[in-house]
Amino acid sequence: MSTSHTNVGDAQVPAKLAIPELLDMKRQGTRIAMVTAYDSAGARLAEAAGVDIVLVGDSAAMVVLGHDSTLPVTMDEMLFMTRSVSRAVEHPLVVGDMPFGAYQVSDADAVRNAIRFVKEGGADTVKLEGAGRMLPRVRSIVESGIPVMGHLGLTPQSVTALGGYKAQGRTAAKAKRLLEDALALQEAGCYSLVLEAVPTPVASRITEALTIPTIGIGAGPACDGQVLVYHDLLGLTEGHTARFVKRYADLATVIREALAAFVADVRSGAYPEERHTYGMPADELAAFEADLGNPVA
Ligand code: KIV
């Protein structure tokens, strides 16, 4: 995807990816790359790599904050991370993931919290999970002027009701329900839809049926785009990862070895070397030493 630019004074800065451009990408068959990020460093690297959408996912609860599900992360924690991401990027859309509790209670609550993502977090759009009871929430947020990304299939905020982190839509009836929910979310105004852990043929039929792009995670190659969690794709997550995760690096090993080398250098005195230190003019040093030898009374 070529990035358009806008002029700011003499400088050319990459223009923000517009939602109509995202819809064009689907029409033209240009696949959309989305990744999660939770801080400025990660977001900056994602933009440099050509990512189209940066999702400040509520997966932060697990990969950043160390919880064992996505449920505990709060609005304030999500806003803190969203601010640092949105400050760092120019072109990619920044999507704030509405955490559990931020939109379940009422439409008014959902709109209030979506507005906080935009006003306080600098997000361009928000994402929320589910259809059914959530459709009025989507409509209300869209009516307030904030674009909404939907999320169907394995919706981690409902992990208890779903009976664990399992693929969804694996019976004819459940697949049909997923397709109906996807169409209902499009009808409610979503501009795109995440499909998580859904059989490939089901994701393919949903992608064909929708005019908005689908972004898959464990939903096969027919989706209009793909998303992975930053820590998973970079190999920062250790232990079990989902079947759909592809590791593009083993940063945990790189980081562990670098930290161990630092500890060893500190213990042995090999760090710091002369080149890591600061000197001072000889006459100033002499004066300092003389002063120490002859303290002023
Ligand atoms: O929170 C998250 O990271 C997500 C992605 C897995 C889509 O919702």
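All values below come from the heavy atoms of this structure, side chains included, with hydrogens, waters and symmetry mates left out. Every number for a ligand or one of its atoms is a count from 1 in the order of the listing.
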Note: ligand 1 atoms sitting under 4.0 Å from heavy atoms of Val229 are 3 (O)
Nearest non-hydrogen contact to atom 1 (O) of ligand 1 from the set Thr36, Asp58, Val95 belongs to Asp58
task: Any chance you could lay out the side-chain contact (heavy atoms from CB on, under 4.5 Å) test for Leu45 and Tyr230, step after step, and finish with the verdict?
output: CA-CA 11 Å; Leu45 293 172; Tyr230 189 86; 3.9 Å; yes
For Gly57, the ligand 1 atoms with a heavy-atom partner under 4.0 Å come out as 1 (O), 2 (C), 3 (O)
For Ile217, the ligand 1 atoms with a heavy-atom partner under 4.0 Å come out as 6 (C)
Arg205 and Glu208: CA distance, side-chain angles, deciding distance, salt bridge (Lys or Arg N to Asp or Glu O under 4.0 Å) verdict: CA-CA 5 Å; Arg205 291 307 290 260; Glu208 277 166 27; 3.7 Å; yes
shortest atom 3 (O) of ligand 1-to-protein heavy-atom contact is with Ser59 OG, 2.5 Å
Asp97 N/O to ligand 1 N/O under 3.5 Å: yes
Notebook entry, point to check: Going by an N to O cut-off under 4.0 Å, is there a salt bridge joining Glu143 and Arg139?
Noted result: no
His151 heavy atoms within 4.0 Å reach ligand 1 at atoms 8 (O)
In ligand 1, the atoms that come under 4.0 Å of a heavy atom of Leu55 are 2 (C), 4 (C), 5 (C), 7 (C), 8 (O)
I'd like to know if Asp76 and Arg116 make a salt bridge, using a cut-off of under 4.0 Å between side-chain N and carboxylate O. yes
Nearest heavy-atom approach of Leu22 to Tyr191 is CD2-CE1, 3.7 Å
Original post:
Going by atom types only, do Asp39 and Ser84 share a side-chain donor-acceptor pair under 3.5 Å?
Top reply: no
message = Looking at ligand 1, would Lys127 count as a contact under a 4.0 Å heavy-atom criterion?
response = yes
*asked:* Determine whether Arg83 and Leu79 satisfy the following criterion, side-chain contact (heavy atoms from CB on, under 4.5 Å), listing intermediate values before the conclusion.
replied: CA-CA 6 Å; Arg83 267 193 294 277; Leu79 289 175; 4.0 Å; yes
